[in-house]
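Notes follow the structure.
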Protein chains: 2
Amino acid sequence: MKEGPNIAQIAALIGDPARANMLTALMSGKALTVSELAGEAGVTLQTASSHLAKLSAGGLLRQRKQGRHKYVSLANDDVAHVLEGLMGLAAGAGQVRTRTGPKDPALRAARVCYNHLAGDRGTQMFDSLVARGHLIIDDGHLHLTPSGSAYVRDLGVDLDGLTRGTAPLCRECLDWSERRSHLAGSLGRALLARFEDLSWVRRHKDCRLVTFTPTGTRAFDKAFPVASTRRSMGAPAHQ
Amino acid sequence: MKEGPNIAQIAALIGDPARANMLTALMSGKALTVSELAGEAGVTLQTASSHLAKLSAGGLLRQRKQGRHKYVSLANDDVAHVLEGLMGLAAGAGQVRTRTGPKDPALRAARVCYNHLAGDRGTQMFDSLVARGHLIIDDGHLHLTPSGSAYVRDLGVDLDGLTRGTAPLCRECLDWSERRSHLAGSLGRALLARFEDLSWVRRHKDCRLVTFTPTGTRAFDKAFPVASTRRSMGAPAHQ
DNA sequence: TTCATAGTTCGATCTTAGTCGAACCATGGA
DNA sequence: TCCATGGTTCGACTAAGATCGAACTATGAA
């Protein structure tokens, strides 16, 4: 008994409502200041400061000082991945937030997950890349094939700049709304950034929502066509 | 702000030390009684009962009554998946349990994750199946190819009985010690069960440890040979 | 230098929830 | 029928920690 890492501390860290709100806000991928996070969580500045210190000590956050501002963001993709998993459990258990708001359907369609595209659009892109052999799973990791490299280069992604980094290029991330994989990792981030540059999408200012422009919708569907096997058959039976 | 499912409740549920100990114990995949879990958590029976009621209400557990015993197990693979993710974060943050015990290296080698094989041996099996085309990722899901179906049938797994179930056949699960994928889902469970039948492995009575017999080691390495690209090159650089 | 803003530290308060003793219910065996 | 065992419910106690006011530090602007 009692083997393995200690879950309780880290889960308790996420388990406080104020801290959970902050982490959820940071899932937008943007670095936020202490004051902004205090607003998100609905607590005063001192309380927020104390919470953020604890989250940082727990390794969940990364902080950068810039002038008299302090910018806080999630530590890495792993943290985002666990948070998405928790959202999946919460959604499954019917623990949807009481004030679920009108934005919920839009969020399920497209949103940012830390820094990459998630939701229906995110899984569409992932599936499309896999179906056409641009992305394969091998050796336990996700890999970009040569055809995939060429493809994302054509889309205008600076792949060489990415591969120099130490962070993994491709990662899977499980979607809480779709319960399927979408693409994370530095490539996932770069693609979303590219979509913004191309004005295919617009990230909402203060939430995780991502809206597609009319031209963006067409271009995206052309770049990442859906396999005929699914989506035409309605939602896949699952669970 | 405040969009998406409510993480805090579910995380707080996991965040109590006593409950976290119970959940960790249940990662062994076995159904345990209330008394046994009370022992695991180091609390009295009435405290354990209260905790288990909360965990069940949160959808994390499944309970079965049998005579005057009540058997408790994890609700599903999703819960196990999130718990593994949390263990990964905790391990990464150096939150390893203080009394980490001598069993830790053995646990990293082979252990059960809810009901399937995890640890180094688990990722070996996963990688081997993928490398030989028995397992592919497609449409966002893991799929068993025809050659894979034949292969596991040869190993003695009753595949037809499995495919009738509603639970997904193949799933990925992220390993906290290896930080790589291993095989979950009903096939993962069936394979581990088969290894036990064949006396390749023995599950430890009261922890997650899985030990390979000498003949089991040989047979397993023959059935799931390691790709020459890794494992010969030492630990992969990651993160 | 002076002021304003961003953030931290400290201390006091107060609520939440984990804990267990005791009594109670249910099942199974003798 | 009686007893032992497994589990639940209730209530009281207690400890942990979230919260905020107040005082303090640091950066930047005027």
Checking A/Thr44 against A/Thr47 for the side-chain hydrogen bond (donor to acceptor under 3.5 Å, both in side chains) test, could you report, in this order, the C-alpha distance in whole Å, the side-chain angles of both residues, the deciding distance, and whether it holds?
CA-CA 5 Å; A/Thr44 61; A/Thr47 305; 3.1 Å; yes
Tightest non-hydrogen contact, residues A/Gly185 and A/Asp77, listed as N-OD2, 3.2 Å
Indicate yes or no: at least one non-hydrogen side-chain atom of A/Met87 is less than 4.5 angstrom from one of A/Thr24.
yes
Atom CD of B/Gln9 and atom P of C/dA17: how far apart are they, to the nearest Å?
10 Å
A/His69 atom NE2 is separated from C/dT8 atom C1', nearest whole Å, by 16 Å
Might you point out which heavy atoms bring A/Ala75 and A/Val79 nearest each other, and give the distance in Å?
CB-CG2, 4.3 Å
Any N/O pairs under 3.5 Å between the protein and nucleotides 19-24 of chain C? List them or say none.
unit_1 : atom_1 : unit_2  : atom_2 : d
C/dT19 : OP2    : B/His51 : NE2    : 2.5
C/dC20 : OP2    : B/Thr44 : N      : 3.2
C/dC20 : OP2    : B/Thr44 : OG1    : 3.2
C/dC20 : OP2    : B/Thr47 : OG1    : 3.0
C/dG21 : N7     : B/Gln46 : NE2    : 2.6

Run the salt-bridge test on A/Glu196 and A/Arg203 with the 4.0 Å N-O cut-off and return the result as yes or no.
yes
Can you give me the closest heavy-atom contact between B/Phe212 and B/Ala110, atom names plus distance?
CE1-CB, 4.0 Å
Can you give me the bend angle of the helix from C/dT1-D/dA30 to C/dA30-D/dT1? Use the axis through the first five pairs and the one through the last five, nearest 10 degrees.
20°
Quick check on C/dA26: is either OP1 or OP2 less than 4.0 Å from any side-chain nitrogen or oxygen of B/Lys70?
no
What are the 5'-most and 3'-most nucleotides of DNA chain D lying under 4.0 Å from any heavy atom of chain B?
D/dA4 to D/dT9
Scan side-chain atoms only and decide if B/Arg19 and B/His51 contain a donor-acceptor pair under the 3.5 Å cut-off.
yes
Separation of B/Gln9 CD from B/Lys54 NZ (nearest 0.5 Å):
13.0 Å
Value rounded to 0.5 Å, distance of CG in A/Leu86 from CD1 in B/Ile7:
5.5 Å
Taking all heavy atoms of A/Ala41 and all of A/Asn21, pick out the closest pair and write down the distance.
CA-CB, 4.0 Å
